[in-house]
Visitor: 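Supplied in structure tokens, the structure appears directly below.
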Amino acid sequence: MIHERKITIEAASVDEALNEASQQWKLPIEDLHAEILSEERKGLFGLLGSKKLMVEITTSARPDIITRGLEFVNEVLRLMDFQAQAVSSEADKNTLDIQGEDSADYVVGRYGDTIRGLEYLVNLALRDPKSEPRLKIDSCGYRARRTKSLERLAEATARQAVKYGRPVRLDPMASWERWVIHTTLKNRDDVTTESVGEPPMRKVVVMPKYEPDETRIPGPATMRIRAQRERAERNSRNNARPSGRFRR
């Protein structure tokens, strides 16, 4: 959708008017067009003193996903009465960084629930999956801390799955959180991972992987799984055998 905007600004110069509009709309000056509506000189007989211009600034540019995401998130923050503002991250062009007085506590939320929900909402509202990247939202370094926590969770879950010989389901996660789990465990030879369910309830399942390995002695969990598989295979073969009785 094309977003058309128009604003009239009183300024001493066209550049000043462009800068003001750029700050208000959070758009680069290159996307703006200026037209002088009137000019007034203030001073003795209009010859001396300052000059004031009435400048009309317009834009009909198609905002990219970052610009639209900033507008959306900042409007949500305003409606929630949070003392915070989203800006474009310098480290990652697809990340919106929320800063301000309420960013550390209220925006992140308990266990990251608020920021995860906000990220899901902005992508649901704005993203074009055919042509645009997914937006990420960060606040006060939350994503870096969360990544470290997820890496520890992944390793602990893998140990649990191997020890007890059964799959372990994790809580629902955002797509980037699930990616951390998959990436952390992808090089292990004793577990495999799979995502199940539909967003926003999609979660990771960590499953023990038992491949024949002659170099180590199998543990109790491995022996139990192998016995269950062998029993299932025998039952399957027995059910497939003809009974020997035929009816005419």
Visitor: Is there a path of hydrophobic side-chain contacts, each under 4.5 Å between heavy atoms, that joins Ile9 and Met54?
Guide: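 No, no single cluster joins them.
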
Visitor: Hey, are Glu71 and Arg68 close enough for a salt bridge, meaning a charged N less than 4.0 Å from a carboxylate O?
Guide: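 The answer is no: the pair does not qualify as a salt bridge.
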
Visitor: Do the side chain of Ser149 and the main chain of Arg145 share a donor and acceptor less than 3.5 angstrom apart?
Guide: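 No, Ser149 side chain to Arg145 backbone: no donor-acceptor pair under 3.5 Å.
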
Visitor: What orientation do Tyr106 and Phe82 show, parallel under 30°, tilted 30 to 60°, or perpendicular over 60°?
Guide: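 Ring orientation of Tyr106 relative to Phe82: parallel.
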
Visitor: Just checking Trp179: does its CH2 atom have more than 12 heavy atoms from other residues, nucleotides or ligands closer to it than 6.0 angstrom?
Guide: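 No, CH2 of Trp179 has 12 or fewer neighbouring heavy atoms, counting only those of other groups under 6.0 Å.
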
Visitor: Show the nearest heavy-atom pair for residues Ala158 and Val206, with the distance to one decimal.
Guide: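 The answer is CA-CG1, 4.0 Å.
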
Visitor: Taking all heavy atoms of Arg134 and all of Asn123, pick out the closest pair and write down the distance.
Guide: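 Heavy atoms only, the tightest pair is CG-OD1, 3.2 Å.
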
Visitor: Between Ile66 and Leu96, is there a side-chain heavy-atom distance shorter than 4.5 Å?
Guide: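 Contact flag for Leu96/Ile66 side chains = yes.
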
Visitor: Within the side chain of Ser139, is there an N or O that forms a donor-acceptor pair under 3.5 Å with the backbone of Ser103?
Guide: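 At least one qualifying donor-acceptor pair exists.
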
Visitor: Please round to the nearest 0.5 Å and tell me the distance separating atom CZ of Arg159 and atom OH of Tyr164.
Guide: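 One gets 12.0 Å once the value is rounded to the nearest 0.5 Å.
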
Visitor: Could you check whether atom CG of Asp113 has more than 12 heavy atoms from other residues, nucleotides or ligands sitting under 6.0 Å from it?
Guide: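 Atom CG in Asp113 is crowded, with more than 12 foreign heavy atoms closer than 6.0 Å.
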
Visitor: If you apply the rule side-chain contact (heavy atoms from CB on, under 4.5 Å), what do you find for Val55 with Thr8, and how did you get there?
Guide: CA-CA 6 Å; Val55 184; Thr8 301; over 6 Å; no

Visitor: Has the side chain of Ser22 got a donor or acceptor atom that lies under 3.5 Å from a matching backbone atom of Leu18?
Guide: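 No; zero donor-acceptor contacts below 3.5 Å.
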
Visitor: Is there a side-chain contact between Val107 and Leu77, using heavy atoms and a 4.5 Å cut-off?
Guide: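 Side chain of Val107 against side chain of Leu77, heavy atoms only: contact under 4.5 Å found.
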
Visitor: Between Asn74 (side chain) and Ala86 (backbone), is there a donor-acceptor pair under 3.5 Å?
Guide: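 Yes.
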
Visitor: Any side-chain heavy atom of Glu20 within less than 4.5 Å of one from Asp15?
Guide: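 The answer is no, as the side chains (C-beta and beyond) never meet within the 4.5 Å cut-off.
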
Visitor: For Arg202, does the CZ atom sit with more than 12 other heavy atoms under 6.0 Å from it, leaving out its own atoms?
Guide: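 Correct, the count exceeds 12.
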
Visitor: Within this structure, what is the CG-OG1 distance for the pair Leu185 and Thr157, rounded to the nearest 0.5 Å?
Guide: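 The CG atom of Leu185 sits 7.5 Å away from the OG1 atom of Thr157.
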
Visitor: Any side-chain heavy-atom pair from Val73 and Gln85 closer than 4.5 angstrom?
Guide: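 They are not in contact (no side-chain heavy atoms under 4.5 Å apart), so the answer is no.
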
Visitor: State, with a plain yes or no, whether a side-chain heavy atom of Ile98 is found less than 4.5 Å away from one of Leu118.
Guide: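 They are in contact (side-chain heavy atoms under 4.5 Å apart), so the answer is yes.
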
Visitor: Nearest 0.5 Å please: distance from the CZ atom of Arg146 over to the OH atom of Tyr111.
Guide: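 Between Arg146 CZ and Tyr111 OH, I get 11.0 Å after rounding to 0.5 Å.
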
Visitor: Can Leu150 and Thr184 be said to form a side-chain contact (heavy atoms from CB on, under 4.5 Å), step by step?
Guide: CA-CA 9 Å; Leu150 289 170; Thr184 302; over 6 Å; no

Visitor: Please report the interatomic distance CD1(Ile65) to CZ(Phe72), rounded to the nearest 0.5 Å.
Guide: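 Output value for this atom pair is 11.5 Å.
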
Visitor: Do you know which two heavy atoms are closest between Glu119 and Ile137, and how far apart they sit?
Guide: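 For Glu119 and Ile137, the tightest heavy-atom pair comes out as OE1-N, 2.9 Å.
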
Visitor: OG of Ser175 to NZ of Lys136: how many Å apart, nearest 0.5 Å?
Guide: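 The OG atom of Ser175 sits 9.5 Å away from the NZ atom of Lys136.
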
Visitor: Has the side chain of Arg178 got a donor or acceptor atom that lies under 3.5 Å from a matching backbone atom of Val204?
Guide: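 Looks like no, no N/O pair under 3.5 Å.
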
Visitor: Can you see which heavy atom on Val205 is nearest to which on Met207, and at what distance?
Guide: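 Residues Val205 and Met207, closest heavy atoms: CG1-CG, 3.7 Å.
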
Visitor: If you look at every heavy atom in His182 and Ser195, which pair is closest and at what distance?
Guide: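 Smallest interatomic distance, heavy atoms only, reads NE2-OG, 2.8 Å.
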
Visitor: What about Leu70 and Met80, same hydrophobic cluster or not, with Ile/Leu/Val/Met/Phe/Trp/Tyr joined at side-chain heavy-atom distances under 4.5 Å?
Guide: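 Yes, same cluster.
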
Visitor: For a quick test of reading the model, state the closest non-hydrogen atom pair linking Ala154 to Ile181 and the distance between them.
Guide: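 That would be CB-CD1, 3.8 Å.
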
Visitor: May I ask you to test the Ile36-Val14 pair for a side-chain heavy-atom distance under 4.5 Å?
Guide: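 In contact.
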
Visitor: When clusters are formed by joining ILVMFWY residues with side-chain heavy atoms under 4.5 Å apart, either directly or through shared neighbours, do Val87 and Val122 land in the same one?
Guide: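 They do not share one cluster, since no chain of ILVMFWY contacts under 4.5 Å joins Val87 to Val122.
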
Visitor: Are the side chain of Glu177 and the backbone N or O of Ala174 linked by a donor-acceptor pair below 3.5 Å?
Guide: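 Between the backbone of Ala174 and the side chain of Glu177 there is a qualifying donor-acceptor contact (under 3.5 Å).
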
Visitor: Yes or no on salt bridge (Lys or Arg N to Asp or Glu O under 4.0 Å) for Lys52 and Glu39, after CA distance, side-chain angles and deciding distance?
Guide: CA-CA 6 Å; Lys52 286 295 182 182; Glu39 179 179 344; over 6 Å; no

Visitor: Would you kindly say whether His33 and Thr58 are connected by a side-chain donor-acceptor distance under 3.5 Å?
Guide: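 Looking only at side-chain atoms, Thr58 and His33 do not form any donor-acceptor pair under 3.5 Å.
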
Visitor: Could you give me the CA-CA distance, side-chain angles and deciding distance for Glu16 and Leu53, then say whether side-chain contact (heavy atoms from CB on, under 4.5 Å) is met?
Guide: CA-CA 10 Å; Glu16 181 181 317; Leu53 304 177; over 6 Å; no

Visitor: Look up atom CG in Asp190 and atom NZ in Lys209, then write down how far apart they are to the nearest 0.5 Å.
Guide: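 That separation rounds to 8.0 Å.
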
Visitor: Report yes or no: does Asp138 contribute a side-chain atom to a donor-acceptor pair with the main-chain N or O of Asp97 at less than 3.5 Å?
Guide: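 Absent.
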
Visitor: Between Val168 and Val180, is there shared hydrophobic-cluster membership here, with clusters defined by ILVMFWY side-chain heavy atoms closer than 4.5 Å?
Guide: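 No, it is not one cluster - the side chains of Val168 and Val180 are not joined through contacts under 4.5 Å.
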
